[in-house]
Structures are given as C-alpha cells and as structure tokens.
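Here's the structure we're looking at; comments come further down.
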Amino acid sequence: MEIGIYSLADLYPNPHTGKTISAKQRIEEIIKAAKMADEAGLDVFGVGEHHRLDYAVSAPPVVLSAISQVTKRIKLTSATTVLNTVDPVRLFEEFATLDLISNGRAEIIAGRGAFLDSFPLFGYDLENYDELFEEHIELFLKLNAKELVTWNGRYRSSLKDAEIAPRPVQQEIPVWVGVGGTLESAERAGRLGTGLTLVILGGDPNLYEPLVNRYRESAVQTGHALENLKVGVTGHAYISKTNQQAIEEFYPYHSNYWHHLNRRHGVNTTFSRADFELMSGKETALFVGSSQQIIEKIMRQYELFGHQRFIAQMDIGGMPFKKVAENIERLATEVAPVIRKETRK
C-alpha cells in the first residue's frame, strides 16, 4: 500500500496562541513538509484547492511544481481539483507540464467541490454542478489519452483536431475521483475507469464499503479490468506516543478546524473533549492515536476496502509545523513499514 500525506493549506489561528501565520509561511511550510515526506520514504504528497482568504493554495500545480524541485521520488497530486470550475484543456496543460518538471510524478484527484466559492469566481452556474463535472472529466480523459482531440460539449467551446500539448512523461496522468458519500459518484468513477479516493473524515468506516462495491461493479460492467482499478482512503490523522496523548494534543486543533470551517458555512457548532474521545475510538475512521492504533485502523479498513493507498491530512486548525513534522516522522518510520509489510501478504 502507498502511504502519504496531503494538505488543504487552511489559514486558521493557532488555538493556543490565537496567531495566524501568513500565506507565504504556510506555503513554505507545505513545501518543507513535502521534502521531509520524500526524504522519509513516503509515497504521495497532495495539495488541495480553495479560492478564499482563509486558505493559502488556489493553484495546486504551481505549488506542486515548487515541491517537485526539492523532492526526488514522491508522487505529487492535487487533493482535490475542483473539476466543475476549471477548463479541462488548461488543467491538462498544467499537470502535463508538472509531469515533465517532476519526471513523471504528477497525479490528479478530481472532485465536484465541497466549497462553492469557485463557481461565481469563474462564472459557472451552480445549477449545472453535476453536469459540469461529468462533461469536464470526460473531456479531460480524452485529452489525457490522445494528442489530437475533436470534441463537442455543452459548457465549453468545441475542439476540432486540437493539438493537446505538452504530452506528459507518463503515458497518461493518473486520475482519481474523490468521493465523500454518494453512490452515484462512486459508480461514475467505476464507469470512467478512474481511481476512487474515499474522503473519510470520521464515523464508521463500514458505511463506505457500499461505495467501493458499487465502484468495482460499475467498472466491471463497463469493461474495465479490476487489476487496473485503485482505491485510496483519505482522512484526518494525528499520531503520538499513546492514544490518550494523541487525543490530548490533537483535540484543540481538530475542534478549532471544524469551528472555523462550520462558522464560514453559517453553522455555529462545537463538540466537547468527551465527544472527541468518542470520535477517536478504536472502531471509528478518525486516525488519532498511537502508531499501533493507526496501524490497526488502516488494516481494519484494508479488510473492508482492499485499497492501494492511504493519505493523511495532519496540518489542520492552526497546528504548528513542529507537530506536523513529528507526525510525518512517525507515519513514515513507525506506521508505513508495518502497513507495507502486512499488505504485501
């Protein structure tokens, strides 16, 4: 199994100091984290896309290109690209260029967007939310497969024998579809033959098994070979010496993250320390605990999904870089070797 990390680059204040770092410092720390992850032997590093002042990254391929110059082998992915509101041709050009710069390490996780800021910003109508994603991903997959493309659609100008350049180092840029909970999205990913990335931020992981089953069933029904299909799991994670210490240390950042996120959406909800302890229990999907507990949670999900990738989001809620670095080290040295050994059997 591939093991990695990703960042959405939130700019929330540190709950202990009340201070918020600058976007410049945030991006510098993300690049430093990617370098550490690469040197520690992790497999994947992802950067998310947002278009608002409380997040530092709106252009993942630019940040990933900077990362490519300080890393050697780690795969570089968006996490995620809001595919509804980006021109597929421009997106392909950017990630093909990243692939050339990184010597074949570029990937894309495409999503429909939990945040809707990019729709009015780029002139797209929310009423076409799902149709835009469907059209854009189908066009992107055509661009990914052919140097010359003729295409007609509803939401973008037509292409006639268009030269799609540059071509990447890889034969095709790997594409995954991020799915939070809808069977329709999982079915679409299977029909298109892309990878499936499950966004699991908590709760009971058993609830996501039907998504993986639907994905694989849909893929087989449309003629895709099962051996070519990949499933990834993403989730919030924090690793410490003991389960209790992990809960103590992570609770302020996790609570702070959801407080600011929900407030932005007009919801003023908080949860107590006791609530967080329940959310972090052994049977849940929140990856908080000792290295051993994280290993057990990943393996429990592996029994459910048989997935090929796990990537963790650690740097949330104003967490200082020192703690992020400690988590990268633990994930790489204490968790990843065990998971790789167990999933090779």
Side-chain angles (χ1 to χ4, degrees), residues 5-21 23 26 29-30 33 46-58 79-80 82 109 111-118 178-182 197-205 207-208 233-240 243-289 293-294 297 301 310-324 326-327 331:
I5 58 176
Y6 68 103
S7 175
L8 299 188
D10 64 271
L11 288 169
Y12 296 153
N14 183 318
H16 298 294
T17 66
K19 294 182 179 179
T20 304
I21 64 174
R26 187 72 161 104
E29 290 181 353
I30 287 170
V47 177
E49 172 193 345
H50 293 86
H51 301 272
R52 40 196 276 184
L53 289 172
D54 53 353
Y55 284 81
V57 176
S58 60
T80 64
V82 185
I109 300 174
R112 294 187 298 173
F115 295 80
L116 305 177
D117 310 80
S118 60
V179 176
T182 66
T197 298
L198 295 172
V199 182
I200 307 179
L201 301 183
D204 184 352
L207 298 175
Y208 294 82
V233 170
T234 71
H236 291 163
Y238 190 88
I239 314 168
S240 196
N243 295 340
Q244 201 59 34
Q245 187 173 339
I247 290 170
E248 295 266 358
E249 293 174 353
F250 192 48
Y251 169 66
Y253 303 106
H254 190 266
S255 177
N256 189 48
Y257 176 80
W258 285 110
H259 169 70
H260 284 276
L261 188 63
N262 290 334
R263 191 175 66 175
R264 182 67 184 247
H265 289 287
V267 181
N268 190 18
T269 57
T270 58
F271 52 86
S272 68
R273 165 66 189 279
D275 293 331
F276 185 67
E277 293 219 15
L278 291 174
M279 293 165 64
S280 307
K282 289 184 178 181
E283 303 302 315
T284 72
L286 186 60
F287 296 93
V288 177
Q293 175 146 304
I294 303 304
K297 286 195 171 193
Q301 292 191 13
F310 168 72
I311 53 175
Q313 183 186 5
M314 299 166 170
D315 61 340
I316 65 172
M319 184 182 294
F321 184 74
K322 180 177 182 293
K323 288 193 176 294
V324 177
E326 290 170 357
N327 268 264
L331 181 66

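We use all heavy atoms of the structure for the numbers below, so side chains are in, but hydrogens, waters and symmetry mates are not. Bear in mind that the values here come from a model prediction, so they are computed numbers and not experimental data.
Within the model, atoms CD of Glu49 and CG of Asp117 stand 10.5 Å from one another, a figure rounded to the nearest 0.5 Å. In this structure, Ser118 OG and His50 NE2 are separated by 9.5 Å, a value rounded to the nearest 0.5 Å. One distance of note links OG1 of Thr234 with CD1 of Ile109; it measures 7.0 Å at 0.5 Å rounding. The OH atom of Tyr208 lies 8.0 Å from the CG atom of Leu198; values are rounded to the nearest 0.5 Å. Note that the CG atom of Leu8 and the CD1 atom of Ile30 stand 9.0 Å from one another [nearest 0.5 Å]. The distance from the CH2 atom of Trp258 to the CG atom of Leu201 is 5.0 Å, given to the nearest 0.5 Å.
In this structure, Thr20 has no side chain to side chain donor-acceptor pair (under 3.5 Å) partners at least two apart in sequence or on a different chain. Taking Phe276 as the reference, Tyr251, His254 meet the ring-ring contact (aromatic ring centres under 6.0 Å, His included) condition, with sequence neighbours excluded. For Asp315, the side chain to side chain donor-acceptor pair (under 3.5 Å) test picks out Ser7, Arg26, with sequence neighbours left out. Residues that satisfy the ring-ring contact (aromatic ring centres under 6.0 Å, His included) test with His259, not counting sequence neighbours, are absent from this structure. Tyr6 meets the ring-ring contact (aromatic ring centres under 6.0 Å, His included) test with no other residue; sequence neighbours excluded.
Evaluated for a ring pair (Phe, Tyr, Trp, His ring centres under 6.0 Å) with Tyr238, the options Tyr257, Tyr253, Phe250 yield exactly one hit, Phe250.
Between Gln293 and Ser280, every side-chain heavy-atom pair lies at or beyond the 4.5 Å cut-off. Taking 4.5 Å as the limit, some side-chain heavy atom of Leu286 sits within range of a side-chain heavy atom of His236. Phe287 is not listed as a side-chain neighbour of Leu331, based on a closest heavy-atom distance of 4.5 Å or more. His51 has its side chain out of reach of Val82: every pair of non-hydrogen atoms, C-beta onward, lies at least 4.5 Å apart. The side-chain heavy atoms of Ile21 and Glu29, taken from C-beta on, include a pair separated by under 4.5 Å.
Residues Pro13 and Gly18 approach most closely at CB-O, 3.7 Å, considering heavy atoms. Ala285 approaches Pro205 most closely through the heavy-atom pair N-CD, 3.9 Å. Closest approach of Asn256 to Pro15, counting heavy atoms only: ND2-CD, 3.8 Å. Between Gly318 and Asp10, the closest heavy-atom pair is N-OD2, 3.9 Å.
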* Which is it for Leu53 and Leu11 under the side-chain contact (heavy atoms from CB on, under 4.5 Å) test, yes or no, and what are the steps along the way? -> CA-CA 8 Å; Leu53 289 172; Leu11 288 169; over 6 Å; no
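Counting only distance, with no hydrogens or angles, the side chain of Lys282 and the backbone of Lys297 share no donor-acceptor pair below 3.5 Å. A distance-only check finds no donor-acceptor pair linking the side chain of Asp54 to the backbone of Tyr12 [under 3.5 Å].
Listed by first then second residue, pairs satisfying salt bridge (charged side-chain N to carboxylate O under 4.0 Å, His left out) with a partner in residues 244-260 read Glu248-Arg273, not counting sequence neighbours.
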